[in-house]
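To keep things clear, I will list the structure first and then write my remarks on it.
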Protein chains: 2
Amino acid sequence: MSDAPVTLSQVAREAGVSLATASRAINGSATRSVREDLRERVLEAARRLAYSPDPSAQAMARGRTTALGLVVHDIADPYFSTIAAGVARAAERAGLIVTLASTEHSSARELAFVELARRQRSRAIILAGGRLEPEDGGASAGSEAPAGGGASAGGASGEPGADGGPGPGETGPADPPVGADGPSADGARPVPGALEAALNAFQEAGGGVALVGQPIGGLPVVEIANADGAADLARALHGLGYRWFAVLAGPDGHRTAADRTAGFTGALAELGSPVAPDDVLTCPFTRDGGYSAMGDLIKRAEAGRLPELVFAVNDVMAVGAMAAVRDAGLSVPDDVAVAGFDDIHTLRDVSPGLTTVRIPLAEVGELATELALGRAERTRTTVRGEVVLRDSTPPRPSATPADQS
Amino acid sequence: MSDAPVTLSQVAREAGVSLATASRAINGSATRSVREDLRERVLEAARRLAYSPDPSAQAMARGRTTALGLVVHDIADPYFSTIAAGVARAAERAGLIVTLASTEHSSARELAFVELARRQRSRAIILAGGRLEPEDGGASAGSEAPAGGGASAGGASGEPGADGGPGPGETGPADPPVGADGPSADGARPVPGALEAALNAFQEAGGGVALVGQPIGGLPVVEIANADGAADLARALHGLGYRWFAVLAGPDGHRTAADRTAGFTGALAELGSPVAPDDVLTCPFTRDGGYSAMGDLIKRAEAGRLPELVFAVNDVMAVGAMAAVRDAGLSVPDDVAVAGFDDIHTLRDVSPGLTTVRIPLAEVGELATELALGRAERTRTTVRGEVVLRDSTPPRPSATPADQS
DNA sequence: CTGTTAGCGCCTTCAG
DNA sequence: CTGAAGGCGCTAACAG
């Protein structure tokens, strides 16, 4: 029962052929075929011995792994875990092993993982996560202007070394080597552009790359139509009769947040219901961020009135905002309507149902995988969301009948 | 900029030492030291060249990878993604790369991944997920009775070859070999006990194993005190004055579900408020399962009355149940109180707040990692939950004052 | 303490 | 079309 790993040469011997032939029979070598009966014999022997190739050995011989790197900001976040599910599915289909990295929002870790992937010669890498502006100027518009500012360099430099000491256990002593827990973790100061450089290097080394969210340089990307989705949402809401909006806009420099905010306010401006600058609140991209920003809004409103509708740039924030409303003894949607973005599946049943923009996150993950593997036609795809109206934004009684699709 | 991977020998040359010395200096070999100045020189050279070891090569040479396999039922499920976050954190601390497998509930895939991990010589593997009874009899009680059944042969045999054609891109042609997308995917009929056997084989081959949830055989496990947690919950609820309970009990044969159900009903029986068999409803372990079971309950109750409180064996089901209540035009908690289990973070803000049993899922993931790495004292840990009372289960007016802690 | 020498398992030119 | 011979980058006995 405790069988030592079966090697290819064993299979070869068992089949009565040479190692080379066995190899060719099993992986269908590029430089053509093996006689049918031999191939049969080999396959049969492989099956009998329950042979399965050693990925490491293959990787060494071929100079390329069978691994697909997936790096996300936080795998516990439903946004990312849904994307991960899509990636996992597509990767399995492609016969790849996915290696997961959850950076916990540290751009230093993110960089380290990209470099690790290169070193490890991963087949491809997928980077999902809200790039911060300072990373690089290369938006879709003018690719100049590094867009200075943006003091928040992120958690950065995260725990240099981190050592990870041997620990009490009886695991082998030789554990984390010098630079183990993050290759060149030392040189990992979040230099602007470092990530792009690392990604380019990875690509030049023959790896596939796909970004999810916003582009970096000219790298392949599955873009999410954040601005368009938010604009659609704004129009729908306007159509329901809302006229006074506030936006919980996420942190400065967060591109996804900024795009959603811009799309929303832009569309409203066009409709003649511009959002006042004061009604655009900066806050963390999290549940707590939504909660506290909404709290501020309510506090501020104690003198006057509350906006009719608050748009939080993601569902998790929106749910936090709804909690703040409740905690203040007010009601959604009676005192204030709330809308979000993403349509996180786990939040489908919050009450009242949250109006939002549905992004097919799992598909996004699958798409990104195809892209990274070079199996897609284009090198750039945009996924457009779909407005989903629910009870958190009922039609306003005073609504002028308008389009509502 | 497009630097080909730096090898150890380059570092050695740069530092003016032999390959072996460089290796020793960098990984701190078991058979002790290197002179301080030489080590310095090597490290310095490594840094200058931005060297970082090739995991595949190391794996080959050492006969052991630096990979930690994590297999979950569905990474999109918040329960698993939270555990995954803990695993990711602990793994990084230990300098390990985590390879993720989302089985989408196919036990054939689960088995295939365990075998892959063995073949790949992963350092350790963590299996999270509700084992189904039929897997094996080896609970804590009698370890006999293979408990046959288990017809679902799963997707199995998945697309032999899968070819994955060269594709348009410039990715290498040689792609998934014959048995690539799942080692011995052929022999993967969900034979009862096969998983345990595979796990044992993996362990005997020197890999670390940790289960999350329920034990299999005598393998290391982080158990979750499902029965105790549910019993605590039952007592707390009873203390609040509830007397008539129903349970959305999950599917037959699902151990986690069964344990929670048993703990809950057992405690109530002791308290003199036994749950009637009719009030224990079998249903899928999902949101929709909770929704439809609650729907049944409501339908059935149209003649008579509804139970005072419905306990769904996990939060996601509970949320589905709440949705069903709302959709029936009823209210939680006015018409019926609802409680869940897990305390999924993303659901913290549902309204009314859901009473539940908090399981520190991320910690569970970290613990499992320690365990799998042999860094824990014991080989078996139990994580106990904590009852969290929220608005979905307010005290009953007619309550007899009782303990409530 | 350091350097030399074999491989780990597999793929891939080279001959045959 | 098949077999024999190198080598991928690194570690782990062996000498020196």
Side-chain angles (χ1 to χ4, degrees), chain A residues 4-13 15-39 41-42 46 49 51-66 118-121 172-175 177-180 183 205-206, chain B residues 4-13 15-42 46 49 51-66 119-121 172-175 177-180 183 205-206:
Chain A
V6 183
T7 71
L8 222 208
S9 36
Q10 291 179 52
V11 174
R13 192 165 347 119
V17 299
S18 79
L19 213 183
T21 305
S23 171
R24 294 195 265 253
I26 288 193
N27 80 18
S29 140
T31 60
R32 225 172 17 286
S33 50
V34 176
R35 220 192 323 145
E36 191 50 27
D37 57 318
L38 276 196
R39 142 189 248 86
R41 277 232 302 281
V42 173
L49 269 46
Y51 167 80
S52 124
D54 177 336
S56 301
Q58 290 190 140
M60 268 222 17
R62 304 209 248 242
R64 186 137 301 288
T65 335
T66 175
R118 179 168 76 95
R119 205 61 198 56
Q120 199 230 88
R121 317 211 71 156
D175 221 8
V178 163
Chain B
V6 184
T7 71
L8 223 208
S9 36
Q10 291 178 52
V11 173
R13 194 168 342 122
V17 300
S18 79
L19 214 187
T21 304
S23 172
R24 294 196 266 255
I26 288 193
N27 81 18
S29 141
T31 59
R32 228 168 16 287
S33 51
V34 175
R35 218 190 327 147
E36 193 49 29
D37 58 316
L38 275 195
R39 145 188 246 85
E40 284 285 310
R41 277 231 304 278
V42 173
L49 269 47
Y51 167 79
S52 126
D54 177 336
S56 301
Q58 291 190 138
M60 274 239 347
R62 303 209 247 244
R64 185 138 301 288
T65 334
T66 175
R119 204 61 197 57
Q120 198 231 88
R121 317 211 70 157
D175 225 7
V178 163

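Note: CZ (R64(B)) to C1' (dA12(D)) measures 16 Å, nearest angstrom. Atom CD in Q10(B) sits about 13 Å away from atom C1' in dC8(D), given to the nearest Å. Rounded to an integer number of Å, the gap from I26(B) CD1 to dC10(D) P is 9 Å. Going from atom CZ of R24(A) over to atom P of dT2(D) covers 8 Å, rounded to whole Å. Separating the CG atom of D37(A) from the C1' atom of dT2(D) is a distance of 12 Å, rounded to the nearest angstrom. Protein atom CZ of R13(A) is 14 Å distant from nucleotide atom P of dG3(D), rounded to whole Å. In this structure, CD of Q120(A) is placed 15 Å from C1' of dC10(D), rounded to the nearest angstrom. Following rounding to the nearest Å, L38(B) (CG) and dC1(C) (C1') show an atom-to-atom distance of 9 Å.
The two residues R39(A) and A25(A) make their nearest non-hydrogen contact at NH2-O, 3.6 Å. Considering all non-hydrogen atoms of both residues, R121(B) and R64(B) come closest at O-NH1, 3.4 Å. Scanning both residues, V42(A) and A15(A), for their nearest heavy atoms gives CA-CB, 3.9 Å.
Contact of the I26(A) side chain with the Y51(A) side chain is registered, since non-hydrogen atoms from C-beta on lie closer than 4.5 Å.
Side-chain nitrogen and oxygen atoms of T21(B) include at least one within less than 4.0 Å of the OP1 or OP2 phosphate oxygen of dG3(C). For dT11(D), one of the phosphate oxygens OP1 or OP2 lies less than 4.0 angstrom from a side-chain nitrogen or oxygen of S23(B).
The side-chain contact (heavy atoms from CB on, under 4.5 Å) check on L19(B) picks up L8(B), S9(B), with sequence neighbours excluded. Qualifying side-chain contact (heavy atoms from CB on, under 4.5 Å) partners for T66(A), counting only residues two or more places apart in sequence or in other chains: P55(A), L96(A), I97(A).
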List every contact pair, protein side and nucleotides 5-9 of chain C side both N or O, where the distance is under 3.5 Å.
| unit_1 | atom_1 | unit_2 | atom_2 | d |
| --- | --- | --- | --- | --- |
| dC8(C) | O2 | M60(B) | O | 3.3 |
| dC8(C) | O2 | A61(B) | N | 3.3 |

